[in-house]
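Report on one structure; see the data block that follows.
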Amino acid sequence: MGWFLLSVGLVSLCSMVCTVSGIGANWGTQCSHPLPPDTVVKLLKDNRFRRVKLFDADYDSLRALGKSGIEVMVGIPNDMLPSMASSVKAAEKWVAKNVSTHITTNYVNIRFVAVGNQHFLETYNVSFLKTTFLALQNVQIALIKAGLSGTVMVTVPLNDDVYESSTGLPSGGDFRADIRDQMLAIVKFLIDNNGVIAVNINPFISLYTDPNFPIEYVFFDEKTTPINDGGKTYYNMFDANYDTLVWALNRNGFGNLPITVGEIGWPTGGDQNANIEYAKRFNQGFLTHILSGNGTPMRPGMIDAYLYSLIDDDAKSIDPGSFERHWGIFNCDGSAKYQLNVNFVDRKRCVTKPSAKLDDPHVAPSVGYDCGLADSTSHG
């Protein structure tokens, strides 16, 4: 089992990321002394992240991602939702400037537009209740008019409080009663337009808000008593949380809607449970868990997820808590916080086709190259 040091351009975060497109990272830009965008893109590439999620459409960040091959989810901030909701023209202008131009001129691989972020948090007091769906519709219209709807999908990143369970088990999952009608409209629109639903799942918050929460249940070591739900066994909070959403979708007839985990991670400061030991344990466990390909009891298979976050945002508001500035797996200067170890091989790359002739002189070099990319031994 290899050890991989998180660092800029020296050694990779972990080789398991190199062959899997399902792992991405959130790139926030609220650093007091931000790294140059080109440096951040190099950080992403050196650590083999193939996806990145942006919270806005910062020109320099998008330009730096040009020709990188990294799949980009570009965000529309919540404060822009009212204008997007009230005017298709506003949505068209935004798409032209922040999507079309970057795709055609800067060769940025934009694949998703995230319409707002965590709109229905109870702390927002329904501020975005009326504008989110209208903005989503208008952005989709703008993508269609720009000829991009076949390659760029819309999504709505939501916090995991948009669903709940009446029984405390995943099978009791349904959308929150006060926003249920809005959520059903959104998920129907997403499935009708080949979109995805993005959900932010952060077990740390449960531990932060409830000191009696069973701490072992947030990790992936199976050191806690599992929960049985109708024959489905849950050893960790992530699986139970994720499947509560799956049940909410199934219950309302939208079981085929793809799910992306928009944010998941663990902070390293600002609270007694926010430390390097727990962050390393959680992120390592999560990556190993989802890259096993086992999925969750209700949805077996690979899970798409964006780690939160690539870099600390030390200028971010601390209203929710001081930990908000410490989610990065890298410090603001790009230096490593901790190591991750992994033992993973993407077997899909290392299996030859049945029709392949092993005595063909072109086969051996191809196999060596592809399986070399999937190697899980230390690169440092």
Side-chain angles (χ1 to χ4, degrees), residues 20-28 49-57 70-78 80-81 84 98-99 109-121 124 128 131-133 135-137 139-140 143 149 151-164 173 175-176 179 182-203 205 238-239 241-250 252 254-265 286 290 295-296 298-299 301-310 327:
V20 180
S21 61
I23 295 297
N26 284 268
W27 175 4
F49 284 108
R50 291 190 171 183
R51 294 182 176 183
V52 68
K53 178 168 166 277
L54 308 177
F55 293 95
D56 54 23
I70 296 171
E71 290 187 5
V72 179
M73 180 185 292
V74 59
I76 300 175
N78 287 343
M80 296 186 68
L81 295 185
M84 298 281 183
N98 300 297
V99 182
N109 188 19
I110 297 176
R111 301 301 299 275
F112 299 93
V113 173
V115 183
N117 187 50
Q118 300 189 146
H119 330 67
F120 300 146
L121 284 172
Y124 285 158
F128 306 106
T131 58
T132 299
F133 185 48
L136 179 66
Q137 290 176 304
V139 170
Q140 178 65 18
L143 289 171
S149 60
T151 55
V152 181
M153 294 183 285
V154 289
T155 187
V156 181
L158 300 161
N159 200 49
D160 62 359
D161 66 350
V162 299
Y163 49 90
E164 57 191 4
F175 294 110
R176 213 171 72 212
I179 57 170
Q182 288 78 11
M183 283 302 306
L184 292 181
I186 287 171
V187 296
K188 183 180 187 306
F189 185 83
L190 291 174
I191 207 165
D192 287 346
N193 290 277
N194 298 314
V196 301
I197 188 169
V199 59
N200 300 340
I201 300 176
N202 284 306
I205 301 298
F238 171 80
D239 284 358
N241 188 312
Y242 188 97
D243 277 0
T244 303
L245 173 58
V246 173
W247 272 103
L249 293 169
N250 290 353
N252 292 286
F254 302 106
N256 292 329
L257 182 63
I259 299 171
T260 289
V261 180
E263 295 180 17
I264 186 164
F286 175 70
I290 70 164
T296 66
M298 285 296 293
R299 275 206 184 178
M302 291 299 296
I303 294 173
D304 288 337
Y306 296 84
L307 292 182
Y308 186 78
S309 184
L310 184 69
W327 289 92

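Position 1 is the first residue of the sequence, and the numbers go up from there. Just so it is clear, the values below take in all heavy atoms, side chains as well, and ignore hydrogens, waters and symmetry mates.
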Report task. Output the distance between atom CZ (R51) and atom CD1 (I70), rounded to the nearest 0.5 Å. Result -> 12.5 Å

**Report entry** Side chains of M84 and V115 in contact at under 4.5 Å (non-hydrogen atoms)
**Finding:** no

Query raised in the report: So L158 and V199, side chain to side chain contact (heavy atoms under 4.5 Å, CB included) or not? Walk me through it.
Result: CA-CA 5 Å; L158 300 161; V199 59; 5.5 Å; no

Query raised in the report: Has the side chain of T155 got a donor or acceptor atom that lies under 3.5 Å from a matching backbone atom of V196?
Result: yes

Requested in this report: Evaluate the side-chain proximity of L136 to L190: yes if any heavy-atom separation is below 4.5 Å, no if none is.
Outcome: yes

Query raised in the report: Say you draw a straight line from CE of M298 to CG of N250; how long is it, rounded to the nearest 0.5 Å?
Result: 5.0 Å

Query raised in the report: Is there a side-chain contact between M302 and D304 (heavy atoms, below 4.5 Å)?
Result: no

Query raised in the report: Which value, rounded to the nearest 0.5 Å, describes the distance between I205 atom CD1 and D160 atom CG?
Result: 9.0 Å

Query raised in the report: Just wondering, do L307 and F49 contact through their side chains at under 4.5 Å, heavy atoms?
Result: yes

Requested in this report: Can you sort out the partners of D56 under side chain to side chain contact (heavy atoms under 4.5 Å, CB included), two or more places apart, ordered by chain and number?
Outcome: T29, D58, P77

Query raised in the report: Looking at S309 and G28, what are the two nearest heavy atoms and their distance?
Result: OG-N, 4.1 Å

Report task. Let me see the working for I186 and T132 under side chain to side chain contact (heavy atoms under 4.5 Å, CB included), right down to the final yes or no. Result -> CA-CA 9 Å; I186 287 171; T132 299; 4.1 Å; yes

Report task. Would you indicate whether the side-chain heavy atoms of N252 and M183 approach each other to under 4.5 Å? Result -> no

Query raised in the report: For the side chain of N78 and the backbone of N117, is there at least one donor-acceptor N/O pair under 3.5 Å apart?
Result: yes

Query raised in the report: Of the non-hydrogen atoms in G116 and P157, which two are nearest, and what is the gap between them?
Result: O-CD, 3.2 Å

**Report entry** Taking every non-hydrogen atom, the tightest pair across F175 and E164
**Finding:** O-OE2, 4.4 Å

Requested in this report: Kindly write out the residues that satisfy ring-ring contact (aromatic ring centres under 6.0 Å, His included) with F133, not counting sequence neighbours, or none if the list is empty.
Outcome: F189

Query raised in the report: Should we say atom CG of D192 is surrounded by more than 12 heavy atoms from elsewhere, each under 6.0 Å from it?
Result: yes

Requested in this report: Say whether, by atom type as modelled, one donor and one acceptor occur between the side chain of R176 and the main chain of D161 under 3.5 angstrom.
Outcome: yes

Requested in this report: Taking T296 for its side chain and D239 for its backbone only, find out whether a donor-acceptor pair lies under 3.5 Å.
Outcome: no

Query - By ring-ring contact (aromatic ring centres under 6.0 Å, His included) - contacts of Y308 (at least two apart) - result: W327

Query raised in the report: Minimum heavy-atom separation for S149 to Q140, with atom names?
Result: CB-NE2, 3.9 Å

Report task. To the nearest 0.5 Å, tell me how far Y163 OH sits from T244 OG1. Result -> 6.5 Å

Report summary line: Rounded to the nearest 0.5 angstrom, the OG1-CZ distance for T260 and F112 is 5.5 Å

Query raised in the report: So, for H119 and L81, which heavy atoms are closest and what is the spacing to 0.1 Å?
Result: CD2-CD1, 3.5 Å

Query raised in the report: In Å, rounded to the nearest 0.5 Å, how long is the span from CG of L249 to CD1 of I191?
Result: 8.0 Å

Report summary line: When every non-hydrogen atom of G265 is compared with those of N202, the smallest separation belongs to N-OD1, 3.2 Å

**Report entry** Note, Y242 side chain near I264 side chain (heavy atom, < 4.5 Å)
**Finding:** no

Query raised in the report: Do N98 and V113 have side chains that get closer than 4.5 Å, going by heavy atoms?
Result: no

Report task. Would you check if F120 and N159 make a side-chain contact, meaning some heavy-atom pair closer than 4.5 Å? Result -> no

